[in-house]
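Residue numbers begin at 1 in each chain, while the letters A, B, ... track the order of the sequences.
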2 protein chains.
Amino acid sequence: MTAQQNDPGLDPYLIISSDCHAGLPTEEYRPYLDSRFHRAFDDFLGERDARREEATRLGIRNDAFAAKWFHDHEEGLRGGWDTAQRLKELDGDGVAAEVVFPDADAVDSRTAAPFGVGLGLSGDQDPELGMAGAQAHNRWLADFVSEHPERHCGVALLPVTGEVGRVVAEIHRAKESGLGALMIPSMWVDKAPYHDRRYDPVWAAAAECAMPVVTHSGAAPRHEYGDHLGIYVSEVTWWPARPLWFLLWSGVFERHPGLRFGVAESGCWWLPNLLWFMDRLYLGAHGGKKLSPFAELKRPPHEYLDRQIFVCATNTKRRELAQRYEIGVDNILWGSDFPHPEGTWPDTRAWLTKTFHDIPVAETRRMLGLAAAEVFGFDTGALAPLARRIGPTPAELGQDDDQSAVEASWARSREVGRHWLTDHDFPTLGVTP
Amino acid sequence: MTAQQNDPGLDPYLIISSDCHAGLPTEEYRPYLDSRFHRAFDDFLGERDARREEATRLGIRNDAFAAKWFHDHEEGLRGGWDTAQRLKELDGDGVAAEVVFPDADAVDSRTAAPFGVGLGLSGDQDPELGMAGAQAHNRWLADFVSEHPERHCGVALLPVTGEVGRVVAEIHRAKESGLGALMIPSMWVDKAPYHDRRYDPVWAAAAECAMPVVTHSGAAPRHEYGDHLGIYVSEVTWWPARPLWFLLWSGVFERHPGLRFGVAESGCWWLPNLLWFMDRLYLGAHGGKKLSPFAELKRPPHEYLDRQIFVCATNTKRRELAQRYEIGVDNILWGSDFPHPEGTWPDTRAWLTKTFHDIPVAETRRMLGLAAAEVFGFDTGALAPLARRIGPTPAELGQDDDQSAVEASWARSREVGRHWLTDHDFPTLGVTP
């Protein structure tokens, strides 16, 4: 053992990306799809151009950008479905393990899962086609992650608004096949909202299987936006966050203490205000009244957050890191968003240096990997040798060997923390000069 | 002139509440309603109990609280529609002038405007009944404010999703009748979203009449909430804020530079993140690209905010005041919410002391009245003698005669301001010890 390995301050980081994407070129999903859906699949393939035009109209897609993106990254982008290429890309970024969401191609949707059940998974999907498409992707993904199971947590697609028995069965099937988490639609649309007790067997099965339930940004009521991209982007993170307060206030986290729920690629900047707002509401109602309107909760919202809720915060912004003592350092799971252009790949190392250079090393370790390992059940022991080989060191991220100055600069912010719980009037964010 | 009047640091505050409520006991709206709607009005009155039961079920209404509220405040609550009583209550609170929204009774809805066009005004309202109910309230309100026009800015109800010609006509009619602002539904529901060009004549008329357009919290998709009050409260402020980014990104503020738009009783805690998010989106897109997806905008979002957008922030929270340099001090308009129980009445003076004691006097003057005077066109000269008589002094709010220490405590926060525009990585909120 070298001296370096004995000093946790100098060890390379074990990096786990809580938000990556993989998916087959759409037509290649055919063998994974029950043959009775092949005709419907042909129809779906035929509508591809129309979907691309729709994305271009709203401004989500840009012809010139797309051409350059595919030209510049042709080889790396094959990592969206080719395991050997993928590991090469992850290694290059210093990422030891990853949580794998669908839709590798966010630019041209060439890897859309059948029937639109990828990131656009929606509550109003046709239940038959929805489950068929989800199972096709889930089967392929189980194969995909099986080659190096210690490095991937595959996220099964779960059309949760369908018939409960089938949904529960798919949870168990996905678990047995080697997948590790469940993505549900952000929007239930015309189906039952997630406070509905009809979903209790689903939450129970997810908890029993230790599969975190996650929403991911993508779905939104696009029919309301006209061709205004700014409107879409301004609220696309709200819709995946919305189930959080539906689950919380209806007592789902109280009834299912083993359930973990997360929101992916929606930032975490909105969480401090939400938590402050919900805590005040709950604690205020309990101030002097015998009868609470929140009888389904047994503790304040922040306790459920710290126990059961997390954010796959993807490429965390400096403003968000400044708010980490309100969010909870352990609730922030960094992600590279590989291989999406809005992520940090293939420049993750430089990006990490820019973003984390003045963040304490111990906290960086949590946000870059250890928190995700706990949530998604990665085996850090099994990953350790790889991390030592590919992970950047604190020094490579520009972090000081001597952490005393950087720790001191955050001391006031850490001490105030969630100011509404620590008897401080005002938040204290950012460093103290 | 006394020495006190010469020193702006010691003058009593000119307080304008940007969020108050007035409305007739519902049955008394009959004479203001076109007679052809009297039969429909009888039906509406007959559904009152059902509405109350609905509110009780969701937990918005509580029997025991309601009984105590009406018992304790019987006399003062008559100020919801009785001018003499109202002025007595405003004077008691130190409030010189007010912006008058509908629905005086937020506990039992006894003063609901006809056909549910009060705070619940919704885009999917029957257009005929909606306009009839709105006009009934608007006519009464014009009478109501006419007794002391310098003290009230009456907010006309505007069912904006109806036929554009009639909507524009109602704007001009309301203006001529003495009303000063326009409330539109927070939710268009199944009608055209507010980015639609069909509304351009409406925004033009509002600008021409110098009537700010406002949304107010209240409407929400309650059918999704079951009986979970926490869900309702957690997102009830999002729906009235939503039109802000629909108007902004579709270029409404660029095409109608005279239009003012505000969001009432929805807090202002959400505004810094939204502004940061929108500015980054706009400025990022303009960084290196010739073709912008935001061609309808000619300047970054914060410039529209500072020029045309405001928040009637009602009983501002300490956490919100800590963020005022990101929001913009001049964009925060305090309100008492008289006569609603969630507001500061009848203890406004004590509440102001608790909340503003360590906020600089000059900024307090803006947030408590001067900013609202500019937005809503109050005549501060006409109000000055009254303010000197009833307004609390800075000393009564616990504010130091010598402002140097308090100014210094906020200097760093003010200097950083909107950190994404001042080249600072992190926000700096709150006081520096």
Side-chain angles (χ1 to χ4, degrees), chain A residues 58-60 62 64-65 188 193 195-196 224-226 228-235 237-238 242 245-246 248-251 267 269-270 273-274 276-278 280-282 285 289 291 293-294 296-297 301 317-319 321-323 358 412 416 419-420 424-433, chain B residues 58-60 62 64-65 188 193 195-196 224-226 228-235 237-238 242 245-246 248-251 267 269-270 273-274 276-278 280-282 285 289 291 293-294 296-297 301 317-319 321-323 358 412 416 419-420 424-433:
Chain A
L58 181 53
I60 295 172
N62 173 301
F65 177 83
W188 44 83
H195 64 70
D196 198 297
E224 295 189 88
Y225 303 154
H228 304 289
L229 179 67
I231 299 176
Y232 170 72
V233 180
S234 294
E235 64 176 56
T237 61
W238 187 82
R242 196 181 188 212
W245 55 91
F246 275 71
L248 189 141
W249 290 115
S250 60
W269 46 266
W270 45 270
N273 282 330
L274 177 69
W276 164 75
F277 197 89
M278 295 199 304
R280 275 175 56 246
L281 181 61
Y282 180 88
K289 287 176 196 168
L291 286 172
F294 310 119
E296 283 163 309
L297 274 61
K317 304 294 181 291
R318 299 274 286 166
R319 180 177 171 92
L321 292 179
Q323 301 177 73
D358 55 1
R412 171 82 183 153
V416 172
H419 65 91
W420 60 96
H424 289 87
D425 272 352
F426 298 122
T428 300
L429 305 184
V431 291
T432 310
Chain B
L58 182 53
I60 295 173
N62 173 301
F65 177 82
W188 44 84
H195 64 69
D196 198 298
E224 294 189 86
Y225 303 154
H228 304 290
L229 179 66
I231 299 175
Y232 170 72
V233 180
S234 294
E235 63 176 57
T237 60
W238 187 81
R242 195 180 188 215
W245 55 92
F246 276 71
L248 190 141
W249 290 115
S250 59
W269 46 266
W270 44 271
N273 281 330
L274 176 69
W276 165 75
F277 197 88
M278 296 198 304
R280 273 176 56 246
L281 181 62
Y282 180 88
K289 289 176 195 168
L291 286 171
F294 311 119
E296 283 163 308
L297 275 61
K317 304 296 180 289
R318 298 274 284 168
R319 181 177 170 91
L321 292 179
Q323 300 177 75
D358 54 2
R412 171 80 183 154
V416 172
H419 64 91
W420 60 96
H424 289 86
D425 272 351
F426 298 123
T428 300
L429 306 184
V431 291
T432 310

Visitor: So, for B/Trp245 and A/Ser234, which heavy atoms are closest and what is the spacing to 0.1 Å?
Guide: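 Smallest heavy-atom distance, with atoms named: CD1-CB, 3.7 Å.
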
Visitor: Which answer fits A/Asp358, side chain, backbone, both or neither, if we ask what part of it has an atom under 4.5 Å from a heavy atom of chain B?
Guide: side chain

Visitor: Rounded to the nearest 0.5 Å, what separation is found between the CG atom of A/Leu248 and the NE2 atom of B/His228?
Guide: 11.5 Å

Visitor: On a heavy-atom basis, which atom in B/Phe277 and which in A/Val233 lie closest, and how many Å separate them?
Guide: CE2-O, 3.2 Å

Visitor: How many angstroms lie between atom CG of B/Leu229 and atom CG of A/Leu281, to the nearest 0.5 angstrom?
Guide: 6.5 Å

Visitor: Top residue by heavy-atom pair count (under 4.5 Å) with chain B, among A/Gly430, A/Ser250, A/Gly251?
Guide: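 Counting heavy-atom pairs under 4.5 Å, the top option is A/Ser250.
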
Visitor: Between the side chains of A/Trp188 and B/Glu224, is a donor N or O closer than 3.5 angstrom to an acceptor N or O?
Guide: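 Short answer, yes.
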
Visitor: Determine the sole option in A/Arg318, A/Arg319, A/Lys317 for which the salt bridge (charged side-chain N to carboxylate O under 4.0 Å, His left out) test with B/Asp425 is passed.
Guide: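 So, applying the salt bridge (charged side-chain N to carboxylate O under 4.0 Å, His left out) to B/Asp425 and each of A/Arg318, A/Arg319, A/Lys317, only A/Arg318 qualifies.
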
Visitor: In terms of heavy-atom pairs under 4.5 Å with chain B, which of A/Glu235, A/Glu296, A/Met278 leads?
Guide: A/Glu235

Visitor: Does any heavy atom of chain B fall under 4.5 Å from the side chain of A/Phe246, the backbone, both, or neither of them?
Guide: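 Both backbone and side chain.
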
Visitor: Atom CG of A/Leu429 and atom CD of B/Gln323: how far apart are they, to the nearest 0.5 Å?
Guide: 8.0 Å

Visitor: With respect to chain A, which residue among B/Gly226, B/Pro427, B/Pro193 yields the maximal number of heavy-atom pairs within a distance under 4.5 Å?
Guide: B/Pro427

Visitor: Quick one: which of A/Gly230, A/Pro301, A/Ala64 has the most heavy-atom pairs under 4.5 Å with chain B, could you say?
Guide: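 The option with the most such pairs is A/Gly230.
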
Visitor: Using non-hydrogen atoms and a 4.5 Å limit, figure out which bit of A/His419 sits close to chain B: side chain, backbone, both or neither.
Guide: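 Interface part for A/His419: side chain.
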
Visitor: Could you check whether the rings of B/Trp276 and A/Trp269 sit parallel, tilted or perpendicular, using 30° and 60° as the cut-offs?
Guide: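 B/Trp276 vs A/Trp269 ring planes: perpendicular.
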
Visitor: Atom CH2 in B/Trp238, atom CZ in A/Arg242: separation rounded to 0.5 Å?
Guide: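 B/Trp238 CH2 to A/Arg242 CZ: 7.5 Å, rounded to 0.5 Å.
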
